[in-house]
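Please read the structure below before turning to the comments.
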Amino acid sequence: MKDSLETLNFSNSFAELPDSFYSLVSPTPFDTNAQLIHFNTAAGKLIDLDYDNQHAQFIADIFSGKSTLKKSKPLAMLYAGHQFGHYVPQLGDGRAILLGEATSSKGDRWEIQLKGSGVTPYSRNGDGRAVLRSSIREYLCSEAMFGLGIPTTRALCLVGSKDEVYREQVETATMLTRLAQSHVRFGSFEIFYYRNQHDDIRILADYIIEHHYPDLATLDNPYLALLVAVTQRTARLIAQWQAVGFSHGVMNSDNMSILGLTLDYGPFGFMETYNPDYICNHSDHAGRYAFNKQPEIGLFNLSCLAQALLPLMEVEAAKAVLATYQSQFLSHYHFLMANKLGFSETSDEIQVLQNQLMVMMQNNQADYTNTFRALCRVSQNTTSNEKSFLSLLNNSDEAAKWIQSYKKLLGNNTQSDTERQDFMLGINPKYILRNYMAQVAIDKATNDDFSEIDDLIKILHNPFAEHASHNHYTGPAPAWADNLQVSCSS
Ligand code: AMP
Ligand code: MG
């Protein structure tokens with residue numbers, strides 16, 4: 001591991017952009033000893049790092065800024081963004097530092113970013129740190145999303161310390177190492193639009209196209225094609241969030257990835273009891289980022305991006321791209337929901353069934369994930385496996401009738417019952433990252449026991465498998481978790 005870190009094929013293409021895009025700044029190591037809390041071997045493989053625990057201290061020192069990776073050129077990226085609907089003219093990495101990009105033997109480039117790595121010129125009044133609690137949440141959720149097949153930044157490792165940081169109470173500072181093919185956000189473009197630095201918009205668009213959308217470079221209008229591609233990816237991403245019951249919590253345009261990744265995990269939440277109005281972020285009093293608002297907020301954010309790209313395209317052309325968003329979102333969403341019900345494509349009848357099921361879930365306060373999982377077991381010819389599905393819906397007459405209509409529709413399927421069940425079990429996860437699961441890992445880690453993180457990563461990487469020893473994590477939140485709240489504090 002030590003060798004592979006020392007020989008990492010490392011560069012920093014972002015640092016070759018003009019200096020208006022970033023500030024060169026080094027991470028500030030912890031005052032106390034850096035301790036490796038967890039190393040994600042699966043993410044390590046992306047950049048050819050094979051973990052061995054002999055070198056835990058070396059890894060902790062590298063990924064907390066105490067030691068430096070050769071050829072790294074640390075910088076904080078500049079961006080702005082619309083936060084809760086209002087333009088904030090300057091944000092930027094206030095507590096994250098991009099070390100550079102590792103190129104794997106396969107030729108994939110991964111940016112390596114430390115989060116919680118100390119103050120930068122963009123820290124405003126912040127301390128540049130991240131606390132253990134929020135770092136564990138981001139760590140687990142990035143990997144949960146990966147396990148669910150949803151585009152996301154990845155988490156490489158977590159390094160803890162005894163450095164004190166002040167939030168609502170005294171907590172300890174932690175650094176998360178994040179990997180992404182790019183951390184560029186919609187807000188990275190917005191800042192140059194509002195500053196009237198139109199050349200920089202073009203330079204950034206060219207950079208993104210060259211590195212991440214190379215097929216667009218030869219098209220007639222690559223910039224418009226970029227907007228098309230980002231719109232497609234965003235529509236698909238948000239459809240995936242909705243299908244799995246994920247709420248991002250802070251869908252500000254500075255948290256929207258130009259690659260359509262789930263980015264910047266803060267007060268996110270996986271919906272447990274089905275409630276379309278679910279608000280995961282305790283600080284979001286108006287519910288701007290409620291679960292069922294996410295699709296329209298996606299369009300709002302894309303409009304912010306389109307506005308910023310206007311110097312590169314005709315306004316009517318940009319509007320025409322945005323006008324495709326809703327139908328793209330809906331077609332992905334209906335496709336994914338039809339899949340969750342065991343069908344390979346959607347139809348009006350399936351959508352009627354789907355809506356009826358959602359209403360029943362809401363009325364019966366059913367667990368979203370468990371209801372779909374239980375549905376996987378229902379078989380066309382017997383009633384023997386229907387019990388748990390029906391009991392989640394309080395054995396209502398309505399649910400019994402619904403099953404009959406559902407089975408009737410299944411009759412049109414060409415797949416056998418077992419094939420359909422297997423297909424559904426591979427789509428409807430048994431495990432999601434319930435808030436209380438993260439809290440168990442956090443509480444243990446606060447007492448220097450990091451075992452739960454490792455356990456959870458294993459099941460979240462493969463959330464469709466049974467993992468019978470972890471059945472307790474499929475249940476509704478235990479009573480102690482009733483009042484768990486997550487907010488922007490991190
Ligand atoms: P977030 O809500 O984490 O996406 O952060 C919004 C903005 O605030 C970003 O520019 C962050 O870099 C910055 N920020 C958040 N927390 C801190 C902190 N503790 N110190 C400095 N900047 C921060
Ligand atoms: Mg952010």
Side-chain angles (χ1 to χ4, degrees), residues 21-23 25-28 30 64-65 74-99 111 113-139 141-142 145 152-153 155 161 163-178 180 182-191 194 237 247-269 279-284 288-289 297 301 304-305 486-490:
F21 287 83
Y22 53 81
S23 291
V25 54
S26 293
T28 312
F30 296 128
S64 64
L75 59 87
M77 290 172 156
L78 176 65
Y79 52 83
H82 277 80
Q83 297 198 317
F84 289 88
H86 304 286
Y87 184 64
V88 181
Q90 196 203 294
L91 294 160
D93 292 331
R95 55 170 170 170
I97 288 177
L98 176 69
L99 300 180
E111 287 185 357
Q113 195 196 56
L114 298 185
K115 186 167 174 184
S117 46
V119 290
T120 75
Y122 315 127
S123 297
R124 295 172 290 167
N125 298 320
D127 57 8
R129 293 301 188 196
V131 298
L132 177 67
R133 151 181 69 82
S134 66
S135 306
I136 291 179
R137 283 173 51 82
E138 170 153 3
Y139 195 80
C141 199
S142 323
M145 294 302 257
T152 177
T153 57
S161 77
D163 283 21
E164 291 188 341
V165 284
Y166 302 90
R167 300 294 182 262
E168 285 80 8
Q169 61 210 26
V170 180
E171 302 189 46
T172 54
T174 304
M175 279 189 225
L176 168 88
T177 302
R178 189 154 75 167
S182 172
H183 288 86
V184 167
R185 301 132 196 279
F186 291 6
S188 312
F189 288 89
E190 288 180 86
I191 193 158
Y194 289 97
L237 175 73
S247 272
H248 181 284
V250 199
M251 283 178 72
N252 293 334
S253 63
D254 49 295
N255 290 338
M256 297 294 292
S257 150
I258 201 71
L259 301 185
L261 308 172
T262 313
L263 170 70
D264 275 9
Y265 293 90
F268 64 82
I279 302 167
C280 58
N281 176 358
H282 199 68
S283 325
D284 182 11
R288 178 180 170 84
Y289 299 136
I297 292 291
N301 286 328
C304 296
L305 175 66
V486 287
S487 67
C488 283
S489 152
S490 60

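Atoms within a ligand are numbered from 1 in the order they appear, just like the ligands themselves.
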Legend entry - Under 3.5 Å: N/O of Asn255 near N/O of ligand 1: yes
Inset, instruction - Heavy-atom distances under 4.0 Å are what count here, so tell me which part of Glu138 touches ligand 1: side chain, backbone, both or neither. - result: neither
Inset, instruction - Indicate, with yes or no, if the rings of Tyr139 and Tyr265 have centres closer together than 6.0 Å. - result: no
Legend entry - Tyr87 ring center within less than 6.0 Å of His82 ring center: yes
Inset, instruction - For Cys488 and ligand 1, answer yes if some heavy atom of the residue is under 4.0 Å from a ligand atom, otherwise no. - result: no
Inset, instruction - May I ask you to check whether Ser490 has an N/O atom sitting below 3.5 Å from an N/O atom of ligand 1? - result: no
Inset, instruction - Tell me which one of Gly94, Gly266, Gly118 gets a heavy atom nearest to atom 21 (C) of ligand 1. - result: Gly94
Inset, instruction - Check whether any heavy atom of Gly92 sits under 4.0 Å from an atom of ligand 1. - result: yes
Legend entry - Side chain Asp93, main chain Ile97, donor-acceptor under 3.5 Å: no
Legend entry - Environment of the Mg ion (ligand 2) in terms of protein N/O/S atoms, cut-off under 2.8 Å: Asn255 OD1, Asp264 OD2
Inset, instruction - Heavy-atom contacts with Asp264 under 4.0 Å: which atoms of ligand 1 show up? List them by number with element. - result: 4 (O)
Legend entry - Proximity of Tyr122 to ligand 1 by residue part, where a heavy atom lies under 4.0 Å: neither
Legend entry - N or O pair under 3.5 Å between Asp127 and ligand 1: yes
Inset, instruction - Without swapping roles, check the side chain of Arg178 against the backbone of Leu263 for a donor-acceptor pair under 3.5 Å. - result: no
Inset, instruction - Can you confirm whether something in the protein, heavy atoms only, sits under 4.0 Å from atom 1 (P) of ligand 1? - result: no
Legend entry - Top protein contact for atom 7 (C) of ligand 1, by heavy-atom distance: Arg124 NH2, 3.3 Å
Inset, instruction - Verify the contact flag for atom 12 (O) of ligand 1, where contact means a protein heavy atom under 4.0 Å away. - result: yes
Legend entry - Distance-only N or O hit between ligand 1 and Gln83, under 3.5 Å: no
